[in-house]
Protein chains: 2
Amino acid sequence: MINIQRPSARQNQLLARQSQLLNTLPSTEPSARQNQLLNALPSIEYERLLPHLELVQMNCGDILYEPGEKLHFVYFPTDCIVSQLHAIKDGGSSEVAVIGNEGAIGITLFMGGGTMTNRALVQSAGYAYRIRQPLFMQEFDRHDALLHLLLRYTQALIAQMAQTAVCNRHHSVGQQLCRRLLLSIDRLPSNELTMTQELIANMLGVRREGVTEAAGKLQQAGLIHYSRGHIKVLDRPGLEARVCECYHVVKNEFDRLLH
Amino acid sequence: MINIQRPSARQNQLLARQSQLLNTLPSTEPSARQNQLLNALPSIEYERLLPHLELVQMNCGDILYEPGEKLHFVYFPTDCIVSQLHAIKDGGSSEVAVIGNEGAIGITLFMGGGTMTNRALVQSAGYAYRIRQPLFMQEFDRHDALLHLLLRYTQALIAQMAQTAVCNRHHSVGQQLCRRLLLSIDRLPSNELTMTQELIANMLGVRREGVTEAAGKLQQAGLIHYSRGHIKVLDRPGLEARVCECYHVVKNEFDRLLH
DNA sequence: CATTATCTGTACGGTATCACACATTATCCA
DNA sequence: TGGATAATGTGTGATACCGTACAGATAATG
């Protein structure tokens, strides 16, 4: 197993900090079947891919790629969460997609672009399986199931991005906070997250104070409990009642395309 | 040649109105080579596709597909503009992508999803070539050039959507108006557009009054001239100086991926 | 235990956008 | 030509979010 190393200097201290908070990795190593895409492959193709898959530990704050940077692996998370962040010149940024065990990081490899215009950042520690580009492309070109599965997945990702664009325009910080919380706990085994309000603000592209206020309301309503970077979801139905439609639209589209 | 018919009732009167304004179609029929994707194909594959391509007239307000609706053609615009609109329940909407002769409508067909979650609407009249799904898939599966070209195009489209999400969060109506105007004239032969402020407001997902104000400033600055649905761009460099970076980022990504 | 760093709460004025209402002007068409 | 329709201009108050500043509170560290 490999631990991804990156010069951590370029990333905000936020994440360095956060990685100290939560590196409680599960003691048992996961199986590649825990990634839903890999799991959706027919046995024969899964078996053929398996020897090329390498288990890697994903730590909070790890950067899988930067804008314009070549990526050499496709990653299939089993229990970590990665977010695709799009940054602008003045320092602002927004998350355009959240990826967990339902998906893969590195679509640019099979889409043919070579690089992306955004950054992939590990939000929540865990494991992923990865495969080297040449090996992957070999398998990708050889059989249809992998190709068509990944293309459908990419379309689901497109739906997520489009919905994010609309959501950014039309919905309030409070609603988007709900959406973001649900997106995270959907991809985690427990109902506890480890992210500071400042980090959430970065994801949503809003002020930290805005998140404080919105989170305060959710806590007052008894939907969540948070304290210094630890958020516990107490009432999931309550969150779903407050979230904007965007959450369900995207979720339905993922289900439709991948099940 | 075929004229796309749709029950126009479902669409705002805006577009019905607009289609009256601008149906000044060019008198000479275009060539499929005017679509940049088709033009990028090697001759052999282009020739093989050609007999299946059917010229259709695209009128303002035509709807190519609605959310969840099956699409039976892939469209390759030569000189029309189509926008992908994402709507939400309360009636609000935002444009997530603009497609002209650099692209294609109907990626869902080769991505394998069958349907999209948004609507494709003709914004500016013109022509497109289209090909029926079974014929298209036949060609698509047969040779690599078409597949890889369309996948790279799809990645460019993804970049556009991601940037739209960020832009919606961080940039002002004025900047977004500039972006939208540039996107349009890039895809048209002249520097004149035919769209009312209300229609632009629909695209951007903002109020009509907001567009009036922003457009007023641009006119005062001598960058554009507009009058009742006709907009003439007088100073393109001026617009580029005001537009947010999003415009250039997306443009560069298209160039990188498709040239 | 004391210190420091980090996280969260709060408060203030400023600004962009909204929602609504209505006036004005240009174009269309009977 | 005149009335209807469509497009644009303007105004007013509300609201959500921003930028900034700073004050607790909690955890990490030596």
Side-chain angles (χ1 to χ4, degrees), chain A residues 12-24 60-61 88 90-94 167-177 193-202 204-220 224-232 244, chain B residues 11-24 60-61 88 90-94 167-177 193-220 224-232 244:
Chain A
N12 326 358
Q13 310 95 315
L14 294 176
L15 287 153
R17 170 89 185 116
Q18 171 141 15
S19 49
Q20 290 161 19
L21 282 178
L22 183 73
N23 273 322
T24 52
C60 251
I88 54 176
D90 72 2
S93 68
S94 289
C167 195
N168 280 353
R169 164 70 67 216
H170 296 280
H171 297 140
S172 70
V173 172
Q175 289 179 301
Q176 295 186 46
L177 174 61
L193 321 174
T194 302
M195 42 182 11
T196 64
Q197 299 183 352
E198 178 131 21
L199 198 52
I200 296 177
N202 269 225
L204 299 182
V206 299
R207 277 180 329 147
R208 194 265 312 162
E209 292 88 334
V211 175
T212 300
E213 190 187 333
K217 283 184 189 164
L218 293 184
Q219 176 152 255
Q220 271 196 326
I224 63 174
H225 173 78
Y226 63 85
S227 149
R228 301 182 66 75
H230 294 271
I231 305 178
K232 187 184 290 187
C244 50
Chain B
Q11 187 54 28
N12 327 356
Q13 311 92 317
L14 293 176
L15 287 153
R17 170 88 185 118
Q18 171 141 12
S19 49
Q20 291 162 17
L21 281 177
L22 182 74
N23 273 323
T24 52
C60 252
I88 53 177
D90 73 3
S93 69
S94 289
C167 195
N168 279 352
R169 164 71 66 219
H170 295 281
H171 297 139
S172 69
V173 172
Q175 289 179 301
Q176 295 186 45
L177 174 60
L193 322 173
T194 302
M195 41 181 13
T196 64
Q197 299 183 349
E198 178 131 23
L199 198 53
I200 295 175
N202 269 226
M203 300 297 114
L204 299 183
V206 300
R207 280 179 325 146
R208 195 264 313 161
E209 292 90 329
V211 174
T212 300
E213 191 186 333
K217 283 184 189 165
L218 293 183
Q219 176 152 253
Q220 272 195 326
I224 64 173
H225 173 78
Y226 64 85
S227 148
R228 304 183 67 75
H230 295 271
I231 305 178
K232 187 185 289 187
C244 51

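Just so we're on the same page: letters track the sequence lines, and every chain starts at 1.
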Specify the separation, in whole Å, of atom CD1 of B:Ile200 and atom P of D:dA6.
19 Å
Return the value, rounded to whole Å, for the distance between atom CG of B:Leu218 and atom P of D:dG9.
12 Å
Give a yes or no on whether the backbone of B:Leu204 and the side-chain of A:Arg169 come within a donor-acceptor separation of less than 3.5 Å.
yes
Whole angstrom value for the distance that separates P of D:dA16 from CD of A:Gln176:
14 Å
Between P on C:dT27 and CD on B:Glu198, what's the gap in Å once rounded to a whole number?
18 Å
Can you measure from CG (A:Leu177) to CD1 (A:Ile231) and round to the nearest 0.5 angstrom?
7.0 Å
Taking only N and O in the side chain of B:Tyr226, is any of them less than 4.0 Å away from OP1 or OP2 of C:dT25?
no
Nearest 0.5 Å please: distance from the CD1 atom of A:Ile88 over to the SG atom of B:Cys167.
8.0 Å
Per the end-axis method with five pairs at each terminus, what is the bend angle of the helix from C:dC1-D:dG30 to C:dA30-D:dT1, to 10°?
30°
Assign a letter to each nucleotide of nucleotides 13-19 of chain C from its 5' end: B, base within under 4.0 Å of a protein heavy atom; S, sugar-phosphate only; -, no contact.
----SBB
In this structure, how many angstroms lie between the P atom of C:dT6 and the CG atom of A:Leu199, rounded?
14 Å
If I take atom CG from residue A:Leu193 and atom NE2 from residue A:His230, how far apart are they, to the nearest 0.5 angstrom?
11.0 Å
Rounding to an integer number of Å, can you tell me how far A:Arg228 CZ sits from C:dG9 P?
10 Å
Measure from the side-chain N and O atoms of B:Arg208 to the backbone N and O of B:Gln197, and report whether any donor-acceptor pair falls under 3.5 Å.
no
Starting the side chain at C-beta, find the nucleotide from D:dG9, C:dT10, C:dC7 nearest to B:Gln197.
D:dG9
Mind checking the OG1-CG spacing from B:Thr194 to B:Leu199? Nearest 0.5 Å is all I need.
10.5 Å
Length of the line joining A:Arg208:CZ and C:dG9:P, which is rounded to integer Å:
8 Å
Residue list, side chain to side chain contact (heavy atoms under 4.5 Å, CB included) with A:Gln175, at least two apart or on another chain
A:His171, A:Ser172, A:Cys244
In this structure, CD of B:Glu198 is separated from OG1 of B:Thr212 (nearest 0.5 Å) by 9.0 Å
Could you state the CG-C1' distance from A:Asn168 to D:dA16, rounded to the nearest angstrom?
15 Å
Go through C:dG9, D:dA27, C:dT27 for me and flag the one nearest to the B:Ser227 side chain.
C:dT27
Can you tell me how far apart CD1 (A:Ile224) and NZ (A:Lys232) are? Round to the nearest 0.5 Å.
12.5 Å
